[in-house]
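Report on the structure given below.
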Amino acid sequence: SDLCAVLVERLDGTLAARLLAWWIDSEPADPSLPPLIGRIRDPHCADVLRQALLRLHDQQRLAALYPLLGHQRNPSDFSLLQDKALQPGPMAVRAAALEGLLVGLSVWPRAPLRRTLMSLARDLDPKLAAQAVDGLARLPSARSSLLALRRGDLDPGVAQRVARRLRTLPPSPLVLLIHGRSGGVIPAEWESLAKELRQRRGAPVRLQALTGEDVAPPEPELFFPHLTLVPLFLLPGAHVRVDVPDIA
């Protein structure tokens, strides 16, 4: 392992793949080697990993290789990692497959990935579920997924983790687009709705009427990474088809 740590920066993909193939069939298998020699992103390494994962039954070796497959960041590997993480089996192997998903998080298809992590967050194993919650929190628009989790039965420790993640993900500001009355007058019931939403969401809520002559510049707190625009009109009128897209 010391020798590999020194030489790893000199390895190309072909040499790394040869070392991986040697480790996979070696006896005994030193668990410290795969993280050193398997982090080179290369088609040769990826092929060696896929072939090994399909034929191996040794839990220790499988657990060492699944995270490395995720490190290759090839979208075609999503199904293999997903299936192994979701299927009943040795917990060390399932956790390793989930780690592979989390390592390559940015390249997987977003909707199936979200569904997979939502399912794993409800897993009977609290440690696996906690890892899935952390993965969900890293996805864009994670708040809605975490809120959906809270509506189900979760392990108490996992529920606390969800709550902690939600505290670090404040809700995005809302801009409610309404028709309004002549001169941009906003009816009192809309003002009441906006006030209630501010209190419940703990985030800015702004009303904007199409009938207003001038559109005031947004408040500084609305300059947020995510701003949610909510048009409150009937379909399929001209406001929805023309005015709202222009404002957006």
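Values reported hereafter were calculated over all heavy atoms of this structure, with side chains retained and with hydrogens, waters and symmetry mates removed. Fair warning: this is a prediction, and the values are worked out from it, not measured in the lab.
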Task: Non-hydrogen atoms of Ala121 and Ala129 that approach each other most closely - done: O-CB, 3.3 Å

TODO: Side-chain contact test, heavy atoms from C-beta onward, threshold under 4.5 Å: evaluate it for Arg39 versus Leu68 and give yes or no.
DONE: yes

Task: Spacing of Tyr66 atom OH and Leu101 atom CG [to the nearest 0.5 Å] - done: 11.0 Å

Task: Shortest non-hydrogen separation from Leu207 to Trp190 and the atoms involved - done: CD1-O, 3.4 Å

Task: In one Ile/Leu/Val/Met/Phe/Trp/Tyr side-chain cluster, 4.5 Å: Val175, Val185 - done: no

TODO: Applying side chain to side chain contact (heavy atoms under 4.5 Å, CB included), run through Val107 and Asn74 and close with a yes or a no.
DONE: CA-CA 7 Å; Val107 303; Asn74 188 322; over 6 Å; no

TODO: Find out if a path of hydrophobic residues (ILVMFWY) with successive side-chain heavy-atom gaps under 4.5 Å connects Leu86 to Val103.
DONE: no

Open item on the list: If I take atom CG from residue Leu65 and atom CD from residue Gln51, how far apart are they, to the nearest 0.5 angstrom?
Closed with: 12.0 Å

Task: Any Ile37 side-chain heavy atom under 4.5 Å of Val8 side chain - done: no

- [ ] Drop me the distance from Leu113's CG to Gln82's CD, to the nearest 0.5 angstrom.
- [x] 8.5 Å

TODO: Any chance you could measure Leu197, atom CG, to Arg206, atom CZ, to the nearest 0.5 Å?
DONE: 15.5 Å

Open item on the list: Contact between Arg50 and Ser76 at the side-chain level, heavy atoms closer than 4.5 Å - yes or no?
Closed with: yes

Open item on the list: Between Leu15 and Leu7, is there shared hydrophobic-cluster membership here, with clusters defined by ILVMFWY side-chain heavy atoms closer than 4.5 Å?
Closed with: no

- [ ] Taking the side chain as every heavy atom from C-beta outward, state whether Arg150 and Leu166 have any pair of such atoms under 4.5 Å apart.
- [x] yes

- [ ] Assess the side chains of Thr14 and Asp12: does a donor N or O sit below 3.5 Å from an acceptor N or O?
- [x] no

Task: Backbone of Ile178 reached by a side-chain donor or acceptor of Gln208 within 3.5 Å - done: no

Task: Flag if over 12 foreign heavy atoms under 6.0 Å of CG, Leu124 - done: no

Open item on the list: If you count every heavy atom of other residues, nucleotides or ligands that lies below 6.0 Å from Gln87 atom CD, does the total exceed 12?
Closed with: yes

Open item on the list: For a quick test of reading the model, state the closest non-hydrogen atom pair linking Ala29 to Gln60 and the distance between them.
Closed with: O-NE2, 4.4 Å

Open item on the list: If hydrophobic clusters are built from ILVMFWY residues whose side chains come within less than 4.5 Å, do Leu105 and Leu49 share one?
Closed with: yes

- [ ] Apply side chain to side chain contact (heavy atoms under 4.5 Å, CB included) to the pair Trp108 and Leu81, showing each step before the final yes or no.
- [x] CA-CA 10 Å; Trp108 313 129; Leu81 293 168; 3.7 Å; yes

TODO: Taking the side chain as every heavy atom from C-beta outward, state whether Lys195 and Ser192 have any atom pair closer than 4.5 Å.
DONE: no

- [ ] Check whether any side-chain heavy atom of Met118 lies under 4.5 Å from a side-chain heavy atom of Ser145, and answer yes or no.
- [x] yes

Open item on the list: With clusters defined by side-chain heavy atoms of hydrophobic residues (ILVMFWY) lying less than 4.5 Å apart, directly or transitively, does Ile186 cluster with Val205?
Closed with: yes

Open item on the list: On a heavy-atom basis, which atom in Ala95 and which in Gln131 lie closest, and how many Å separate them?
Closed with: CB-OE1, 4.0 Å

TODO: Would you mind telling me which of Arg61, Arg18, Arg55 makes a salt bridge (charged side-chain N to carboxylate O under 4.0 Å, His left out) with Asp25?
DONE: Arg55

TODO: Please confirm whether the backbone N or O of Thr116 pairs with a side-chain atom of Ser119, one donor and one acceptor, at under 3.5 Å?
DONE: no

- [ ] Locate the shortest heavy-atom distance separating Leu169 from Ala137; write the atom from each residue and the value.
- [x] CD1-O, 4.2 Å

Open item on the list: I want to check something: taking the side chain as every heavy atom from C-beta on, are Trp23 and Val48 in contact at a cut-off of under 4.5 Å?
Closed with: no

Open item on the list: Please report the interatomic distance SG(Cys45) to CG(Leu69), rounded to the nearest 0.5 Å.
Closed with: 11.0 Å

TODO: Verify the neighbour count for atom CZ of Arg122: are there more than 12 heavy atoms of other residues, nucleotides or ligands below 6.0 Å?
DONE: yes

Open item on the list: Using every non-hydrogen atom in the two residues, find where Leu120 and Ala85 come nearest and quote the distance to one decimal.
Closed with: CD2-O, 3.5 Å

TODO: Can you measure from CG (Leu53) to CG (Leu80) and round to the nearest 0.5 angstrom?
DONE: 6.0 Å

TODO: List the steps, then state whether side chain to side chain contact (heavy atoms under 4.5 Å, CB included) holds for Leu136 with Leu149.
DONE: CA-CA 10 Å; Leu136 274 173; Leu149 278 179; 3.6 Å; yes

Open item on the list: Walk me through whether His57 and Leu62 qualify under side chain to side chain contact (heavy atoms under 4.5 Å, CB included).
Closed with: CA-CA 7 Å; His57 300 286; Leu62 289 171; 5.7 Å; no

Open item on the list: Other residues, nucleotides and ligands only: do more than 12 of their heavy atoms fall within 6.0 Å of CZ on Arg200?
Closed with: no

- [ ] Taking atom CZ of Arg164 as the centre, report whether more than 12 heavy atoms of other residues, nucleotides or ligands fall under 6.0 Å from it.
- [x] yes

TODO: Please tell me if the side chains of Val162 and Leu154 come closer than 4.5 Å, counting only heavy atoms from C-beta onward.
DONE: yes

TODO: Begin from the C-alpha positions of Arg94 and Asp125 and carry the test salt bridge (charged side-chain N to carboxylate O under 4.0 Å, His left out) through to its verdict.
DONE: CA-CA 10 Å; Arg94 294 185 64 207; Asp125 184 271; over 6 Å; no

